[in-house]
There are 2 protein chains.
Amino acid sequence: MSKHDATPEANGAAGEPRLSRASVQRFSLYLRHLERWKKEGLEVVSSSQLGDALGINDAQVRKDLAYLGNLGQPGIGYYTQELISALRYRLGVDHTWNAVLVGVGNLARALLRYGGFAQQGFRFVGLFDADPQKVGQKIDGLQIHSPEKLAAVIAAERVDLAVVAVPAAEAQQVADALVAAGIKGILNFAPTLLRVPTHVSLIAVDLAVQLEQLAFLVHLAQQESTDAR
Amino acid sequence: MSKHDATPEANGAAGEPRLSRASVQRFSLYLRHLERWKKEGLEVVSSSQLGDALGINDAQVRKDLAYLGNLGQPGIGYYTQELISALRYRLGVDHTWNAVLVGVGNLARALLRYGGFAQQGFRFVGLFDADPQKVGQKIDGLQIHSPEKLAAVIAAERVDLAVVAVPAAEAQQVADALVAAGIKGILNFAPTLLRVPTHVSLIAVDLAVQLEQLAFLVHLAQQESTDAR
DNA sequence: GGATGTGAACGACTTCACAGCG
DNA sequence: CGCTGTGAAGTCGTTCACATCC
């Protein structure tokens, strides 16, 4: 999913260890565990503890963390606080990100009320919906605007991120409007592949596919257990 | 995410092409596009059409589809209807799947009302929540039960799949109860790694991580454009 | 000609294994 | 000793390239 850009071979200086797409996927997870452990008073963690928590190999953890610099203490582990700070810095969550949410259905409501976001430094500053019935309403203190106001709000509030939760048929056109308004990243929940310029980052989450996926895995497992006899 | 089992090396007969985890990820997407095209009257599709639609290489598409048998017609392409049927069969969505939903918050509501599921052959037959305030209420005609009834409902309604949308702290315990009740697959939205036996399939979707991910990509892109000068 | 199916090359990610340091 | 950092090996997934067939 999400065929990105990531600068084809614009690695000017060449060399730099390289940061794999897969590692990026794990940084947020490391951070979450570390923050919990820190709260529980753990001052030092080892790569194998982190590995266990994520269900991966300890060498993998060390490779990932090496990207942050040489923070590990041989014979000891990593200092929790130091790791957290380094991760926050690298992840870019050491400051607040403003985001807009386009398409105010149940999913949008769920996302808004899902505490996790605010806690991790994300702030929704604008809601948008094309349905005239919804425009003007308020949810959790946030007013729903007409999509025409997208550009204005994005500029005024210095918004970098957008969440797209509209029907598939409208998604591309919403994305185009967001891109035109200067958005830097889009989290897409619409079940369709969005085409965006390479300078805009894209993450796609397709809920229907996930459940189908699960059904498939179960189906496979059943077939296998049938085959096996 | 989602470290699975998938039978370590139980490939008894050995040989079979092998079905990569990654291919599985794409089958649902193929099916979605095919169904749309079929509705639009398209009788034949080529691997490159499908590849464009998903943003991947055409050889990849052929490799994936080869798993369904030799359906392709050299010089022609694939017959839409035939592909759809084969995919439905292999995906296991040629029949309805019963599912339960544990944890009735906004996300659960969003999922319930998200038409995509019903349309693709998934039927929610039970809702569960530990909050006594919620037990007894109805949503979209479905009654919310106390978690104690899990086992009974799962058995009575022949439920194979469960969606877990409870807070992280309760998720493992819910999963354990589901497993004990004989569930075959779990779709987990709680931001934590669930441990389940190998005979239970697991798919995890972590929304907070996705947004953090996006922030990270944008952050990286900004750094790069800064470095570049 | 036009599209499939597939071995072989390639590239990305993971694991191993071990030197090195506190 | 224990745990990190990392080259080397291994595994998995993707792309290439081309023989093959309608």
Side-chain angles (χ1 to χ4, degrees), chain A residues 1-9 11 14-27 29-30 34 42-80 82-83 86-87, chain B residues 1-9 11 14-27 29-30 34 37 42-80 82-83 86:
Chain A
M1 219 161 290
S2 72
K3 196 73 180 182
H4 292 273
D5 40 295
T7 53
E9 81 272 304
N11 241 7
E16 265 297 297
R18 97 271 130 217
L19 177 60
S20 78
R21 166 90 33 196
S23 311
V24 175
Q25 300 253 41
R26 287 184 295 263
F27 279 122
L29 295 172
Y30 292 138
L34 289 167
L42 201 62
E43 296 295 339
V44 174
V45 300
S46 70
S47 54
S48 40
Q49 277 173 59
L50 276 166
D52 287 352
L54 305 221
I56 59 175
N57 187 287
D58 56 307
Q60 184 69 70
V61 174
R62 293 197 293 278
K63 283 243 160 93
D64 286 345
L65 298 186
Y67 176 76
L68 304 172
N70 285 22
L71 297 181
Q73 310 296 328
I76 309 279
Y78 301 82
Y79 293 112
T80 320
E82 204 179 2
L83 251 194
L87 274 169
Chain B
M1 222 161 286
S2 72
K3 195 73 180 181
H4 291 271
D5 40 296
T7 53
E9 80 271 306
N11 241 8
E16 266 297 297
R18 101 265 129 218
L19 176 60
S20 78
R21 168 87 35 196
S23 311
V24 175
Q25 300 253 42
R26 288 184 293 263
F27 279 122
L29 295 171
Y30 293 139
L34 288 167
W37 290 336
L42 202 62
E43 296 294 341
V44 174
V45 300
S46 70
S47 55
S48 40
Q49 276 171 63
L50 276 166
D52 287 351
L54 303 224
I56 60 176
N57 186 287
D58 57 307
Q60 184 68 68
V61 175
R62 292 198 294 279
K63 282 243 160 96
D64 286 345
L65 298 185
Y67 176 77
L68 302 172
N70 286 22
L71 298 180
Q73 311 296 328
I76 310 280
Y78 301 82
Y79 293 112
T80 320
E82 205 178 1
L83 251 195

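So you know, we letter chains A, B, ... as the sequences are listed, proteins then strands, and number each from 1. What you are looking at is a predicted structure, and each value in this text was computed from that prediction instead of being measured.
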Closest non-hydrogen atom pair between T80(A) and V44(A), with its separation: OG1-N, 3.2 Å
Touch class at under 4.0 angstrom, heavy-atom based, for S48(B) against every strand present: nothing
Phosphate OP1/OP2 of dG5(D) contacted by Y78(A) side-chain N/O (<4.0 Å): yes
Atom-to-atom span, CD1 of I56(A) to P of dT15(C) - whole angstrom: 8 Å
Sugar-phosphate, base or nothing in reach of G75(A), heavy atoms under 4.0 Å: base
Of Q73(A) and R26(A), the one whose closest DNA chain C nucleotide lies more 5': R26(A)
Nearest-nucleotide pick for R62(B), side chain only, options being dC16(C), dC18(D), dT6(D): dC18(D)
Presence of S47(A) side-chain N/O under 4.0 Å of dT4(D) phosphate oxygens OP1/OP2: yes
Atom of L71(B), atom of A86(B) and distance for their closest heavy-atom approach: CD1-CB, 3.6 Å
D64(B) CG to dT6(C) P, straight-line distance once rounded to whole Å: 13 Å
Polar side-chain contact K63(B)-dT15(D) base: donor and acceptor under 3.5 Å: yes
Gap between atoms CG and C1', on L50(A) and dT4(D) respectively (whole Å): 13 Å
Heavy-atom pair of closest approach, residues S48(A) and D58(A): CA-CB, 3.7 Å
Atom-to-atom span, CD1 of I76(B) to C1' of dC21(D) - whole angstrom: 11 Å
N or O in side chain of Q60(A) less than 4.0 angstrom from dT14(C) OP1/OP2: yes
Atom pair distance, as rounded to whole Å: CG in L68(A) and P in dT6(D): 13 Å
Touch class at under 4.0 angstrom, heavy-atom based, for S23(B) against every strand present: nothing
Which nucleotide in dG13(D), dT6(C), dC3(D) has an atom nearest any side-chain atom of R21(B): dG13(D)
Rounded interatomic separation in angstrom, taking CG from L54(B) and P from dG13(D): 17 Å
Closest contact, heavy atoms only, L54(B) versus Y30(B): CD1-CE2, 3.8 Å
Whole-Å gap separating C1' (dC16(C)) and CG (N57(A)): 8 Å
Sub-4.5 Å side-chain heavy-atom contact between V45(A) and L50(A): yes
Minimum-distance nucleotide to P74(B) side chain [options: dC13(C), dT6(D), dC22(D)]: dC22(D)
5′-ward residue of the pair G77(B)/A59(A) relative to DNA chain C: G77(B)
Phosphate contact (dT4(C) OP1 or OP2) by N70(B) side-chain N/O below 4.0 Å: no
Nearest-nucleotide pick for A66(A), side chain only, options being dC13(C), dT6(D), dT4(C): dT6(D)
D58(B) CG to dG5(C) P, straight-line distance once rounded to whole Å: 12 Å
pair Y79(A)-Q73(A): side-chain heavy atoms closer than 4.5 Å: yes
